[in-house]
Amino acid sequence: MNLKLYNTLTRRKEQFEPLAPPLVTFYVCGPTVYDYIHIGNARVFIIFDLVRRYLNYRGYRVRMVQNYTDIDDKMIRRAREEGHTVAELADRFIDAYKADTAGLLVRPADLQPRATEHIEPIIQLIKKLKERGLAYFSGGDIYFSAGNFRDYGRLSHQATDELLAGARVEPGEKKREPLDFALWKGKKEGEPAWDSPWGEGRPGWHIECSSMAMHYLGETIDIHAGGADLIFPHHENEIAQSSGATGKPFARYWLHAGYLNIEDRKMSKSLGNVLTVRHLLKEYDPRDLRFFILSAHYRSPLNFSRELIAQAAAGRKRLQEFVDNLYGALAGSGEEAAAPEEQIRTALAAARRRFSEAMDDDFNTAGAIAAFFELAREGNIYLQKGHPYNRALLEELLDFYRERNELFEVLKIRQPAPPDEEVLRAIAQREEARRKKDWEAADRIRDELQKQGIVLEDTPHGTRWKYGEATGIK
RNA sequence: GGCGACAUAGCCAAGUGGUAAGGCAGAGGACUGCAAAUCCUUUAUCCCCGGUUCGAAUCCGGGUGUCGCCUCCA
């Protein structure tokens, strides 16, 4: 095992060593369920789903938790605007989240707890912080006293006095110091509330993640991940609350995904350029969206535009063609191969190595994808050298893509449909026409099949057919 | 103002000391009745200026530019 990952906490790549291998405890900050998720959210969920898959692939047993924030200011505001209860709003957008991420081929975390279903552990955690002198009661709310937590600012690498320079206490706020933040908010008229030792109220935003992460994964977890914008204050505050309560490190590795911009501009409601996953999935194949996102390193900023998606789609198509052609080639394969195999076998070994090295290096998906392409080129060369092909070799090539596609899920690895009598008959007719150099008839048959979604390709070894949608852009 | 990231071909994007992966697009060629697919060839003073080194895209210093965080935000 030689997996390295970039830890925001130390700002360097570190050897990954989980606390209790093969177990890896993994917490990802999930959505606030007040709206549809957008393409920027999608990047985060796709990336960390892939991280989980890769860890599993490397032999770890990953326990992944991702929360739903189903109570906070935004939830309350939106529910009020729409005339629903907060719970109704949450149910609706949790369903939407599940549908949208499924559409993106993201696999759900092992556990997806809701904040409102964990009020009791949250209260216990706040109690502990009060006992330790890290929290205080003020005007119906409970606040965390950031100044009393020595390591505050360590994750975002800001000294507390520098953070203070940009912060202030708004008039009407009840906290004592600018960096303090609410752990519990006293009930206001018309807001959902739960009983607590401090009266009715609701949890603050940061405390839910601390609570749920430790509740399900233990006081020190291996990996904590989220979008880069969560570094401060959310993750900083999570550390303060968790370590403050336990005296132990909270998370050992912090992973943060870079931003996704829209046509070189930050995506924001005010610019009106928020692209929802729901909308994009109507227009694009999810594999194209995934391929696009995975074609850059997860920590780099990534720019989204239709042009760039088209570029990615064109590249992905090449790989899809190759995999489809491997299946086609199996029809003309046997024990004895006509073509020399040394070159392709060398390429296969190199691709395996390259893929693993790239992924082990802080999940370098762009490098890993290059391995897909390099092997495809060599594979195509092999296929051109003439059948019969070595069946076992073709299977090995297919396995290469099948196994890694379990991680990336950017290709359709599927057996072609069984031979269609009608199609075969049409192809035979066309062959006959071509032999007679009756190009008009031959082209008519090809066009006819095309309309039915069947694409014909003439190769030196005969005519090959496949479904048009196999490689088309949705 | 404080903290930080990034700057590689027309476009996207790897590469952290040994003279530049991969993809898209373009051009030319091979194959082909045509088409499709595929293969081959072709395109980089690695933002600028210094420094360290036998050797730097890679390390150090200084510029310039872009972006982000410091406030809800994936």
K.L.:
Please determine if A/K174 and A/D141 form a salt bridge, counting it only when a charged side-chain N lies under 4.0 Å from a carboxylate O.
P.N.:
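Salt bridge: yes.
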K.L.:
Choosing from B/A37, B/A14, B/C11, which nucleotide comes nearest the side chain of A/Q311?
P.N.:
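Looking only at heavy atoms from C-beta outward on A/Q311, the closest nucleotide is B/C11.
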K.L.:
Can you identify which nucleotide, out of B/G23, B/A14, B/A37, has its nearest atom closest to the A/R377 side chain?
P.N.:
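Among the listed nucleotides, the one closest to the side chain of A/R377 is B/G23.
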K.L.:
Ignoring the backbone of A/Y259, work out which of B/A14, B/G68, B/C40 is nearest its side chain.
P.N.:
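Of all the options, the side chain of A/Y259 is nearest to B/G68.
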K.L.:
Using the ring of A/Y34 (Phe, Tyr or Trp, six-membered ring only), decide whether A/K74 places NZ or CZ under 6.0 Å from its centre and within 45 degrees of its axis.
P.N.:
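Relative to the ring axis of A/Y34, which defines the angle, A/K74 lies inside both limits.
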K.L.:
Can you check the distance between B/A14 and B/A21, where both ends of the measurement are the C1' atom (answer in whole Å)?
P.N.:
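B/A14 and B/A21 have their C1' atoms separated by 6 Å.
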K.L.:
Where the side chain of A/R430 is defined as all heavy atoms beyond and including C-beta, which of B/A21, B/G15, B/G33 is the nearest nucleotide?
P.N.:
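Ranking B/A21, B/G15, B/G33 by closest atom to the A/R430 side chain puts B/G33 first.
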K.L.:
Examine B/A37: is either OP1 or OP2 under 4.0 Å from a nitrogen or oxygen in the side chain of A/N325? Give yes or no.
P.N.:
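So the side chain of A/N325 is outside the cut-off, no N or O lying under 4.0 Å from OP1 or OP2 of B/A37.
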K.L.:
Under 3.5 Å for both donor-acceptor distances, Watson-Crick or wobble: does B/C39 have a partner, and if so which one?
P.N.:
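Pairing partner: B/G29.
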K.L.:
Provide the distance between the two C1' atoms, one in B/C12 and one in B/G17, to the nearest whole Å.
P.N.:
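Straight-line distance between the two C1' atoms is 27 Å.
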K.L.:
Centre of A/Y6's six-membered ring, under 6.0 Å away, within 45 degrees of the axis: is that where NZ or CZ of A/R11 sits?
P.N.:
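Cation-pi check for A/R11 and A/Y6: fails.
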K.L.:
Rounded to whole angstrom, note down the C1' distance from B/G63 over to B/G18.
P.N.:
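After rounding to an integer number of Å, I get 28 Å for this pair.
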K.L.:
Measure from the side-chain heavy atoms of A/A366 and tell me the nearest of B/A14, B/C24, B/C69.
P.N.:
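Closest nucleotide among those given: B/A14.
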K.L.:
Identify, between A/H38 and A/S295, the residue whose nearest nucleotide on RNA chain B lies closer to the 5' end.
P.N.:
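Its nearest nucleotide lies further toward 5', so the answer is A/S295.
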K.L.:
Check for me whether A/R404 meets the cation-pi criterion with A/F355, that is, NZ or CZ under 6.0 Å from the six-membered ring centre and within 45 degrees of the ring axis.
P.N.:
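Judged by the rule (NZ or CZ under 6.0 Å from the ring centre, within 45° of its axis), A/R404 counts as positioned above A/F355.
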K.L.:
If I pick the P atom on B/A13 and the same atom on B/C72, what distance separates them, to the nearest angstrom?
P.N.:
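30 Å, rounded to whole Å.
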K.L.:
How far, in whole Å, is B/C24 from B/A20 if one measures between their P atoms?
P.N.:
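About 22 Å, rounded to a whole number of Å.
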K.L.:
Given B/C24, B/A21, B/A13, which nucleotide is nearest the side-chain atoms of A/L302?
P.N.:
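Selected nucleotide: B/A13.
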K.L.:
Report the residue (A/F45 or A/A296) whose heavy-atom-nearest nucleotide on RNA chain B is the more 5′ of the two.
P.N.:
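Here A/A296 is the residue nearer the 5' end.
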K.L.:
Reckon A/R318 has a side-chain N or O less than 4.0 Å from the OP1 or OP2 of B/G23?
P.N.:
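Yes.
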K.L.:
Report the nucleotide, chosen from B/G22, B/C69, B/A13, that has the shortest atom-to-atom distance to any side-chain atom of A/F232.
P.N.:
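Nearest nucleotide to the side chain: B/C69.
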K.L.:
Taking only the P atom of each, what is the distance from B/G2 to B/C73 in whole angstrom?
P.N.:
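Taking atom P in both B/G2 and B/C73, they lie 26 Å apart.
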K.L.:
Measuring to OP1 and OP2 of B/U38, would you say a side-chain N or O of A/K317 lies under 4.0 angstrom away?
P.N.:
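For B/U38, OP1/OP2 do not have a side-chain N/O of A/K317 under 4.0 Å.
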K.L.:
Ignoring the backbone of A/T32, work out which of B/U38, B/A21, B/A74 is nearest its side chain.
P.N.:
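Selected nucleotide: B/A74.
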K.L.:
If you measure from the C1' atom in B/G15 to the same atom in B/A44, how many Å do you get, rounded?
P.N.:
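Those two atoms are separated by 14 Å.
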K.L.:
Considering only the P atoms, how many Å lie between B/C54 and B/U64, rounded to the nearest integer?
P.N.:
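Per the computed distance, 32 Å lies between those P atoms.
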K.L.:
Should the heavy atoms of other residues, nucleotides or ligands under 6.0 Å from CZ of A/R150 be counted, would the total exceed 12?
P.N.:
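At most 12 heavy atoms, drawn from other residues, nucleotides or ligands, come within 6.0 Å of this atom.
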K.L.:
With the six-membered base ring of B/G22 as reference, does the ring of A/F373 sit under 5.5 Å away with planes under 30° apart?
P.N.:
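Given the distance and angle limits, no, they do not stack.
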K.L.:
Using Watson-Crick or G-U wobble geometry with both distances below 3.5 Å, tell me the partner of B/G61, or none.
P.N.:
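Partner of B/G61: B/C49.
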K.L.:
How long is the span from the CD atom in A/Q15 to the CG atom in A/N7, to the nearest 0.5 Å?
P.N.:
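The CD atom of A/Q15 sits 13.0 Å away from the CG atom of A/N7.
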